[in-house]
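What follows is a set of notes on a single structure, which appears directly below.
Numbering of ligands and ligand atoms starts at 1, following listing order.
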Amino acid sequence: MNSVTASAPGKVILAGEHFVVKGEPAVALAVNLRVYVTVKEGRENITIKSNYLKNKVTLSLYNLGNTKSKIGKVVATILKSLTKDGDIPPLDIVINSEIPPRYGMGSSAALSVALIKALSEYLGLKLNREEVNEIAYKAEEVVHGTPSGIDNTVSTYGGIIVFRRGEGFIRLNADTSSVGLVAAYSGTFKDTKELVIRAKTLSDKYPRVFDPLYHAAGRLALEVAKALKEGNFHAVGELMNVNQGLLSALGVSSLQLERLVYRFREVGAFGAKLTGAGGGGCVIALVPKEALNRVMEAVRPYTNWVKELKVSYEGVRLEVSRG
Ligand code: PMV
């Protein structure tokens, strides 16, 4: 095979981020922003180029792990999982991402999932989705330390899912055609690993305070799933607002995030909350379809990036292979 391209979607979490790390259920959906990865024959090393990387990263075939670059480490982990030692051909990897990194929209998981698909096809391995997902989890560990697995799972399978760490996921069938989902960037990046540690440190310190909050967040996610299925978006929005309060209590919100959250609510969203790790990144809002344009215009002065998102029912997919 001379060249293979695969892609995978990013995600937003409607309910339950952070709480999901300690085993509570959460609801996530894949979105219509994707990462595209092309793998081609290289000259002598592994080279990685990305529209979000200033410089090309090069990995030596004989010492793959010897890199400071995060993306380099992810590629090395994936290559080691897919090949036997010494069996790695020279490769050029080209990444084209529609998902800005560190916005809380699962760019790293989508990159890993797409890369595993492209590489495995290039190497002639026929991996099923479960195998792609398992390897993507290992790659997520390199970036996030102790990921719950929700990001790689929703990126691999697509659609709307209810996920529980250690138990897996179920698909949620919901008709979302009468509602709009909007994401807006808070203006500051976030670091998932650092925020997961922050939430864990605070909740471990006061277990008698936080155990009931974690339990409530888990119940909340299940209520969100039920309301989504019933098409009760007013309830979904209300529960998103409660979820935002719980995330705030966990110390992962910020002034910029709160400003956007309140602006969205003020101008007619059903509900709004941070999404992903928090501390920065994006706010998502659920908005009545007829108010979509008005709401987006009203938040524009508060953000430099606002976008309507759609559910992507397709998870990882092969785009082209030429050989
Ligand atoms: O911010 P993101 O897209 O990396 O999402 C992180 C979600 C967390 O629940 C905070 C962590 C996890 O592993 O589930």
Query raised in the report: How long is the span from the CD1 atom in Ile135 to the OG atom in Ser112, to the nearest 0.5 Å?
Result: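 The OG atom of Ser112 is 10.5 Å from CD1 of Ile135, to the nearest 0.5 Å.
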Suppose we measure from [atom] to each protein heavy atom; which comes out shortest, and what is that distance?
atom                    : answer
atom 11 (C) of ligand 1 : Val21 CG2, 3.8 Å
atom 4 (O) of ligand 1  : Thr192 OG1, 2.9 Å
atom 12 (C) of ligand 1 : Ser148 OG, 3.4 Å
atom 9 (O) of ligand 1  : His18 N, 3.0 Å

**Report entry** Min N/O separation Gly149 to ligand 1 under 3.5 Å
**Finding:** no
Report task. Please determine if Ile13 has a nitrogen or oxygen closer than 3.5 Å to a nitrogen or oxygen of ligand 1. Result -> no
Report task. Heavy atoms only: give me the nearest Ala298-Val267 pair and the separation to one decimal. Result ->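 Answer, listing the atom of Ala298 first, then Val267: CB-CG1, 3.6 Å.
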Query raised in the report: So, for Glu17 and Thr275, which heavy atoms are closest and what is the spacing to 0.1 Å?
Result: OE2-CA, 3.3 Å
Query raised in the report: Does Lys200 have any side-chain hydrogen bond (donor to acceptor under 3.5 Å, both in side chains) partners at least two apart in sequence or in another chain, and if so, which?
Result: Asp204
Query - Residue-ligand contact Lys11/ligand 1, heavy atom below 4.0 Å - result: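 Per 4.0 Å heavy-atom rule, Lys11 contacts ligand 1.
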**Report entry** Lys190 touching ligand 1 at heavy-atom level, < 4.0 angstrom
**Finding:**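 Contact present.
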Query raised in the report: Is a side-chain donor or acceptor of Glu141 paired with a backbone partner of Pro147 at a separation under 3.5 angstrom?
Result: no
**Report entry** Aromatic plane relationship, Tyr214 with Phe210 - under 30° parallel, 30 to 60° tilted, over 60° perpendicular
**Finding:** perpendicular
